[in-house]
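Predicted model only: the values in this text are computed from it and were never measured.
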Amino acid sequence: MTDFDQFNEDDIPKSKTQIKREMEALQEVGKKLLALSKNQQKKVVMSDTLRDALVEADRIKQREAMRRHLQYIGKVMRTEDHEAIAKQVAMFDTTSAAYNKLFHQLEAKRDELIGEHSKEALSQYLEDHPGLEDIQLLRQLIRQSQKEVSEDGNTTNRKKLFRYLREVEEKKLGLKD
């Protein structure tokens, strides 16, 4: 057995460049957190220290002071679950890949609920969302959407159904009250 067999990647210290990149990435997440509305910030799970740092950033007007404060936010983010925070922030960003993926999944679910096997799709959807409040509204939107597809091709009810599915999913993800 040679020394290479017992080699462990965790034993290698991080380079200064790697540490700097990680800090800049945390600062970038901090910038995105600052860009969120106050209501959206409340929905992101974070410590009181980070929350206080975001509140403090609103008072800062000078460019250099804001740059230093973003460094502080990046430092505070090291102690946070920054990956979970980044995922939550991405769900609020309409240009992010995570948001687009959710959007396409909801479109597919809507089409599945309207399609040929809508009863099976509905029972699966209700099974996946056991705490669904207004099942009657969901069934009504599905029926209206199916009628709309077979008749005139308007998209009004399909849009309503999509909005309903999006609201349910946002509540499930904790993005909406």
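In this structure His69 satisfies the ring-ring contact (aromatic ring centres under 6.0 Å, His included) test together with Tyr72, sequence neighbours excluded. Applying the side chain to side chain donor-acceptor pair (under 3.5 Å) criterion to Gln124, with sequence neighbours excluded, gives Asp128. With sequence neighbours excluded, the residues forming a ring-ring contact (aromatic ring centres under 6.0 Å, His included) with Phe162 are Phe103, listed by chain and number. Residues passing the side chain to side chain donor-acceptor pair (under 3.5 Å) test with Glu112: none are found, sequence neighbours excluded. In this structure, the side-chain contact (heavy atoms from CB on, under 4.5 Å) partners of Gln136, at least two apart in sequence or on a different chain, are Asp134.
In summary, the side chains of Gln146 and Ser118 do present a donor paired with an acceptor at a separation below 3.5 Å, with no hydrogens or angles considered.
In the hydrophobic clustering of this structure, Leu113 groups with Leu137; members are Ile, Leu, Val, Met, Phe, Trp, Tyr whose side-chain heavy atoms approach within less than 4.5 Å, directly or through other members. A single hydrophobic cluster is not seen to contain both Met77 and Ile19; linkage of ILVMFWY side chains at heavy-atom distances under 4.5 Å, directly or through other members, places them apart. Hydrophobic clustering places Met66 together with Val29 (ILVMFWY residues linked when any side-chain heavy atoms are closer than 4.5 Å, directly or through intermediates). Ile135 and Tyr125 fall within a single hydrophobic cluster, where Ile, Leu, Val, Met, Phe, Trp and Tyr side chains are chained together by heavy-atom contacts under 4.5 Å.
Between Glu148 and Thr156 the shortest heavy-atom distance is OE2-N, 3.2 Å. Nearest heavy atoms, Ile73 versus Ala53: CG1-CB, 3.9 Å.
Put simply, the side chain of Ser145 never gets that close to the backbone of Ile114: no donor and acceptor are under 3.5 Å apart. For the pair Arg51 (side chain) and Gln41 (backbone), a donor-acceptor distance under 3.5 Å is present.
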Does the side-chain contact (heavy atoms from CB on, under 4.5 Å) test come out yes or no for Leu33 and Met46, once each step is laid out?
CA-CA 11 Å; Leu33 262 174; Met46 65 180 96; 3.9 Å; yes

Between Leu165 and Val168, does a side-chain contact (heavy atoms from CB on, under 4.5 Å) hold up when you go through it step by step?
CA-CA 5 Å; Leu165 295 174; Val168 168; 5.7 Å; no

Just do the salt bridge (Lys or Arg N to Asp or Glu O under 4.0 Å) check on Glu169 and Arg166 with the steps written out, would you?
CA-CA 5 Å; Glu169 198 61 32; Arg166 187 180 68 204; over 6 Å; no

Derivation of the side-chain contact (heavy atoms from CB on, under 4.5 Å) call for Leu36 and Leu54:
CA-CA 10 Å; Leu36 296 177; Leu54 295 176; over 6 Å; no

Please report the C-alpha distance between Gln71 and Met23 in whole Å, then the side-chain angles of each, then the deciding distance to 0.1 Å, and finally whether the side-chain contact (heavy atoms from CB on, under 4.5 Å) criterion is met.
CA-CA 8 Å; Gln71 287 177 333; Met23 281 303 299; over 6 Å; no

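Residues Leu50 and Thr79 have side chains not in contact (no heavy-atom distance under 4.5 Å, counting atoms from C-beta outward). Within the 4.5 Å cutoff, no side-chain heavy atoms of Gln27 are placed close to those of Lys31. In this structure the side chain of Leu126 reaches within 4.5 angstrom of the side chain of Leu138, judged on heavy atoms. Using a 4.5 Å heavy-atom threshold, the side chains of Ile142 and Arg110 count as separate.
Expressed to the nearest 0.5 Å, how far OG of Ser15 lies from NZ of Lys20 amounts to 11.5 Å. The NZ atom of Lys43 sits 7.5 Å away from atom OG of Ser37, with the distance rounded to the nearest 0.5 Å. Once rounded to the nearest 0.5 Å, the distance linking CD of Gln144 with CD of Glu151 reads 11.5 Å. Note that NE2 of His129 is 7.5 Å distant from CG of Leu132, once rounded to the nearest 0.5 Å. Taking CZ of Arg143 as the start and CD of Gln140 as the end, the distance is 6.5 Å to the nearest 0.5 Å.
Listed by first and then second residue, the salt bridge (charged side-chain N to carboxylate O under 4.0 Å, His left out) pairs that reach into residues 77-86 come to none, sequence neighbours excluded.
A salt bridge does not link Arg21 to Glu24: none of the charged nitrogens lies less than 4.0 Å from a carboxylate oxygen. Between Asp111 and Arg158 no salt bridge is recorded (no basic side-chain N to carboxylate O distance below 4.0 Å).
At most 12 heavy atoms of other shown residues, nucleotides or ligands fall within 6.0 angstrom of atom NZ in Lys16.
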